[in-house]
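Below is one structure; the comments refer to it alone.
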Number of protein chains: 2
Amino acid sequence: MSAERHGQNEAATDDMSWAEVTPDAARRLLIAAVQAFAERGYHATTTRDIASRAGMSPAALYIHYRTKEDLLLRISRIGHEKALEILKDAAAEEGTASERLSEAVRSFVRWHAARHLTARVVQYELDSLGEEHRPEIVALRRESDATVRDIINDGVKAGEFDVPDVPGTTLAVLSLCIDVARWFNTEGRRTPDEVGALYADLVLRMVGARVS
Amino acid sequence: MSAERHGQNEAATDDMSWAEVTPDAARRLLIAAVQAFAERGYHATTTRDIASRAGMSPAALYIHYRTKEDLLLRISRIGHEKALEILKDAAAEEGTASERLSEAVRSFVRWHAARHLTARVVQYELDSLGEEHRPEIVALRRESDATVRDIINDGVKAGEFDVPDVPGTTLAVLSLCIDVARWFNTEGRRTPDEVGALYADLVLRMVGARVS
DNA sequence: TACGGAACTAAGCGCTCGCTCAGCTCTAGG
DNA sequence: CCTAGAGCTGAGCGAGCGCTTAGTTCCGTA
């Protein structure tokens with residue numbers, strides 16, 4: 001079966017990846033919200049739907065979360081922090097700029113594919129967040145941007161890369177990786193690992209890395 | 001002013017690009033719907049909002065469109081047809097595969113940037129379409145995919161390109177172009193022409209085109 | 001001038017939404 | 001055994017939703 005082959009059935013692994021969310025009922029609600037938001041979008045999802053996916057009554061949601069938007073905010077914050085951590089870990093490794101960029105793209109894309117439900121909410125439901133919470137999330141995105149841009153700048157300085165427009169190329173690389181969350185399908189032909197490898201190669205070509 | 005510099009203020013040019021929609025009131029409603037859907041998303045947009053943007057009462061909408069979803073369907077169909085036409089025009093030109101791919105990406109991206117409100121609805125609100133209308137739109141997307149894949153295959157056969165994974169690279173190229181609609185901002189630093197030129201260069205690198 | 005029909009509006013119907021609240025249940029501490 | 005409090009539910013409120021309907025306005029034609 002496909003999910004087994006991928007080893008990435010999101011519903012199964014979510015229990016582990018949202019371990020920081022307690023108590024148990026709050027975590028179940030949050031996981032239910034991720035699935036519902038990813039499938040239907042934030043505005044099309046009802047609190048009744050989220051609660052029933054978690055096996056609870058509609059009122060139970062409000063014991064653990066102040067509002068429906070509060071749920072989205074927590075998902076978005078945790079997700080962005082995870083995505084940023086992945087990029088920073090890759091950037092902090094030892095090795096050439098090519099190696100670090102390749103590893104950053106590979107792991108970033110792998111996350112967007114394996115956890116595409118979460119990533120879809122994180123990357124595409126940002127606008128559903130109210131004005132008062134958006135700046136916090138936008139700041140995390142800028143950090144992600146800076147992390148990738150720094151690696152590319154390193155590569156240019158070291159003579160490894162040929163990049164006429166560093167900010168533009170950084171934007172394109174991140175855009176390419178993020179959009180994986182939109183089209184990736186667990187039932188499809190590619191595993192998250194395969195997509196990660198393909199994209200790492202494509203990005204190295206985009207920055208004109210010397211063939212190794 | 002930015003919109004003037006870009007020469008691409010969407011609200012202004014929409015009157016011309018939706019010329020095929022008649023009568024005038026129907027076109028005004030459709031343009032209002034594009035703006036509202038792009039800003040807030042389909043589900044978060046109310047029919048009252050659309051009607052008031054068009055300077056009409058809520059009931060007037062139902063004289064020209066059967067339902068709110070009917071509006072989305074018409075926007076989506078016209079938009080996808082336009083996007084496909086752009087790709088096919090570039091693919092049908094004379095020239096090398098590099099030239100045709102470059103022109104396809106340049107014009108496709110330029111459209112997604114200049115008309116990013118429309119493109120955002122077309123590319124990201126597909127899931128809001130009911131099950132009965134989606135297949136028609138998905139067929140148009142497959143045609144777009146095939147058009148780009150054919151150009152890349154031509155380049156590989158001619159020895160112009162070095163592409164280990166043609167379907168995967170095709171997917172990545174289209175994904176990269178489409179995501180322009182998500183991040184492009186009229187107030188930003190780049191014009192649609194500039195983004196088109198940048199992306200055409202990046203895509204030629206992705207397919208390993210020989211430097212010309 | 002009179003009239004048929006298309007375009008449009010004011011009012012509002014039935015429904016579902018996010019969210020609330022009074023009260024029930026279950027468990028830990030004494 | 002009793003009790004306090006956290007977790008949860010059933011019922012439902014006020015609001016706003018998509019959409020409808022009865023009736024008005026306006027214009028082309030004769």
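By convention in this document, chain letters (A, B, ...) are assigned in the order of the sequence lines, proteins followed by strands, and residues within each chain are numbered from 1. Since we're looking at a predicted model, the values are computed, not measured.
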- Span of DNA chain D engaged by chain A, first through last nucleotide within the 4.0 Å heavy-atom cut-off, is dC8(D) to dG12(D)

- Hey, are R106(A) and E103(A) close enough for a salt bridge, meaning a charged N less than 4.0 Å from a carboxylate O? yes

All N/O pairs under 3.5 Å across the protein-nucleotides 5-8 of chain C interface:
| residue | atom | partner | partner atom | Å |
| --- | --- | --- | --- | --- |
| dC8(C) | OP2 | H64(B) | NE2 | 2.7 |

- Task: Salt-bridge test for R53(B) and E39(B): reply yes if a basic N is under 4.0 Å from a carboxylate O, no otherwise.
- Result: yes

- Whole angstrom is fine here: how far is it from CG in L29(A) over to P in dC19(C)? 14 Å

- Hey, are K88(A) and E143(A) close enough for a salt bridge, meaning a charged N less than 4.0 Å from a carboxylate O? yes

Might you list the N or O atoms of the protein lying below 3.5 Å from N or O atoms in nucleotides 21-24 of chain C, with each pair's distance?
none

- Query: Any Lys/Arg nitrogen of R134(A) or E131(A) sitting under 4.0 Å from an Asp/Glu carboxylate oxygen of the other?
  - Reply: yes

- Would you kindly give the OH-to-P distance between Y62(A) and dC17(C), to the nearest whole Å? 11 Å

- What is the minimum heavy-atom distance between G95(B) and E99(B), and which atoms define it? CA-OE1, 3.1 Å

- Query: Are R141(A) and D145(A) within salt-bridge range, i.e. N to O under 4.0 Å?
  - Reply: no

- May I have the distance from L71(A) (atom CG) to dG18(C) (atom C1'), rounded to whole angstrom? 12 Å

Just distance, no hydrogens or angles: give the donor-acceptor pairs under 3.5 Å from side chains in residues 54-67 of chain B, sequence neighbours left out.
| residue | atom | partner | partner atom | Å |
| --- | --- | --- | --- | --- |
| Y65(B) | OH | A26(B) | O | 2.8 |
| T67(B) | OG1 | E69(B) | N | 3.3 |
| T67(B) | OG1 | D70(B) | N | 3.1 |

- How far apart are the closest heavy atoms of T169(B) and D165(B), and which atoms are they? OG1-O, 2.7 Å

- Task: Only counting residues at least two apart or in another chain, list the ones meeting ring pair (Phe, Tyr, Trp, His ring centres under 6.0 Å) with Y42(A).
- Result: F37(A)

- Task: Please name all residues satisfying side chain to side chain donor-acceptor pair (under 3.5 Å) with S128(B), sequence neighbours left out, ordered by chain then number.
- Result: E125(B)

- Message: Between P on dT9(C) and CZ on R48(B), what's the gap in Å once rounded to a whole number?
- Response: 14 Å

